[in-house]
2 protein chains.
Amino acid sequence: MLLGIVKRESFYDICTMQHSINNHVKKHISATENDLVLFNNVLNEVTIAKGAYLLQPGHHVTEEFFVVKGCLKAYYMDNRGNKHIIQFAVENWWVGDFDAFYNEGTSSIYIEAVEDSQLLSIESSKLNKVFEKAPIFERYFRILVTEAFISQRKRILSAQEKNTQERYVEFCTSYSNIENRVANYDIANYLGVSPENLSRVRQKLKIS
Amino acid sequence: MLLGIVKRESFYDICTMQHSINNHVKKHISATENDLVLFNNVLNEVTIAKGAYLLQPGHHVTEEFFVVKGCLKAYYMDNRGNKHIIQFAVENWWVGDFDAFYNEGTSSIYIEAVEDSQLLSIESSKLNKVFEKAPIFERYFRILVTEAFISQRKRILSAQEKNTQERYVEFCTSYSNIENRVANYDIANYLGVSPENLSRVRQKLKIS
DNA sequence: TCTCCTAATTGATCCATATCAATTAATTTC
DNA sequence: GAAATTAATTGATATGGATCAATTAGGAGA
């Protein structure tokens, strides 16, 4: 598809969107009003319809996205043609092809909207300028990646330590209410189990 | 144990050690000589004997470690008393309890020397001072975490996509020569499979 | 060099979950 | 709102890898 992406929002929406990202920034670093304005000025507003792609393999990656409203999934296809969900992104998450973004390369993943979504995007070149003028944002992104790193590590260890049922419960808890927003077969995929198995686990949970 | 840790090295060793970290820094950012001196001045030299612990659960984490020479393993114990290896650290890797370090908390993991090892350590408070005086190091650590994040993501996807044999081969390739430095049951643990299963996989590889 | 202890291997069995197949339920779409 | 798709569930079977048990191989220490 890749249709359905529209830049520029109404004044009201822009205010809401900036409010959302500024809150997020303030939660992580102590930025001055000047810093925030500088940062806000390089952001673009993006809306995307359910089912549309924000990113597809082969595309040159120049942007990362912040989810103001909505839900997306990031996945890739392996050599055998199997899909693997890397991440779901909901409100107040950054999403993108990190690898390609930092290495200024070509995407190897799909990012697809699971719901109609509102996003903010930042371009690599503009972000680097922000880093120069307001190095505090270097810290912001370092903290974000560190947090993501830690939560990802938990995902690895959880997969080794826990059975499917425990992991499904953990998933629903940490991604609050997500089981009502995305398909079960996508959750199964994310957890690395078959949809049939997840279905049976969900049955058992209903009973107990 | 926690014995066997000795700070301060001979002049020759210190030079070697700083050479090692400076090379690593230069590979990631363009730091001035001043920046490097500033950074080097806050590093401590640490040696640790095989079998000794660099870190144990409950200890207050104030340091991260850079491996100049040697090999270590980071692991934790889950509620059921099972050990899970998080990471092996060899030359030119940073190792520590990231989570606790960034949140100034208490360690939940063990870091144990697999070989006699030489390390450099940096304290949280001193690192923050470096960040203030030379913000370029904020970038250095952001890049390191980003790289670690990306390689960790590959570990997750590899576990979903590939079978034990493929993952063992991948592991040996990416951690060059590691299969001769650490025990097979620790590699099995890291891969999340039983030692017996890994043993059989290794047999099959010998034949084919 | 011998002894002891730990690691690795090998065999047999078991189990969680994948896979295949069919049915039912829930969404889209016109 | 009926038809057509797509998702979820349920049942039956197959399988990769775990677990248990026993043996062999390697290393460290006396």
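Just so it is clear: chains get the letters A, B, ... in the order the sequence lines come, proteins before strands, and each one is counted from 1.
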**Item:** Nucleotide dA7(C), atom P - distance to CZ of Arg181(B) in whole Å
**Value:** 19 Å

**Complete:** Judged by nearest nucleotide, the residue sitting upstream toward the 5' end of DNA chain C, Pro195(A) or Leu198(B), is Leu198(B)

**Request:** Among the candidates dT9(C), dA8(C), dT17(C), find the nucleotide nearest to the side-chain atoms of Gln203(B).
**Result:** dT9(C)

**Item:** Whole angstrom value for the distance that separates C1' of dA7(D) from CZ of Arg202(A)
**Value:** 11 Å

**Prompt:** According to a strict under-4.0 Å criterion, is Asn184(A) in side-chain N/O contact with OP1 or OP2 of dA7(D)?
**Reply:** no

**Message:** Side chain of Ser194(B), heavy atoms from C-beta onward: which of dA18(C), dT10(C), dT19(D) has the nearest atom to it?
**Reply:** dT19(D)

**Fill in**
Rounded to whole Å, CG of Asn180(B) lies from P of dG27(D) at a distance of 11 Å

**Pairing of Glu196(B) and Arg202(B) as salt bridge, 4.0 angstrom limit** = no

**Asked** Whole-Å distance between dG17(D) P and Asn163(A) CG?
**Response** 18 Å

**Asked** Any Lys/Arg nitrogen of Asp99(B) or Arg153(A) sitting under 4.0 Å from an Asp/Glu carboxylate oxygen of the other?
**Response** no

**Request:** Rounded off to whole Å, could you give me the CD1-to-C1' distance for the Ile187(A) and dT9(D) pair?
**Result:** 15 Å

**Item:** Ionic contact status for Asp78(B) with Lys83(B), cut-off 4.0 Å
**Value:** no

**Prompt:** Between dT9(C), dG17(D), dT10(D), which nucleotide has the shortest distance from any of its atoms to the side chain of Glu196(B)?
**Reply:** dT9(C)

**Short N-O contact, Lys27(B) and Glu147(B), less than 4.0 angstrom** = no

**Request:** Using a cut-off of strictly less than 4.0 Å, decide whether Lys50(A) has a side-chain nitrogen or oxygen near OP1 or OP2 of dT28(C).
**Result:** yes

**Asked** Rounded to whole angstrom units, what separation is found between the CZ atom of Arg200(B) and the P atom of dT13(C)?
**Response** 13 Å

**Prompt:** What is the distance, rounded to the nearest whole Å, between atom CD of Glu179(B) and atom P of dA7(C)?
**Reply:** 18 Å

**Asked** What's the CG-C1' distance between Asn197(A) and dT13(D), to the nearest Å?
**Response** 15 Å

**Cationic N near anionic O, under 4.0 Å, Glu161(A) to Arg155(A)** = no

**Request:** Examine dT17(C): is either OP1 or OP2 under 4.0 Å from a nitrogen or oxygen in the side chain of Thr164(A)? Give yes or no.
**Result:** yes

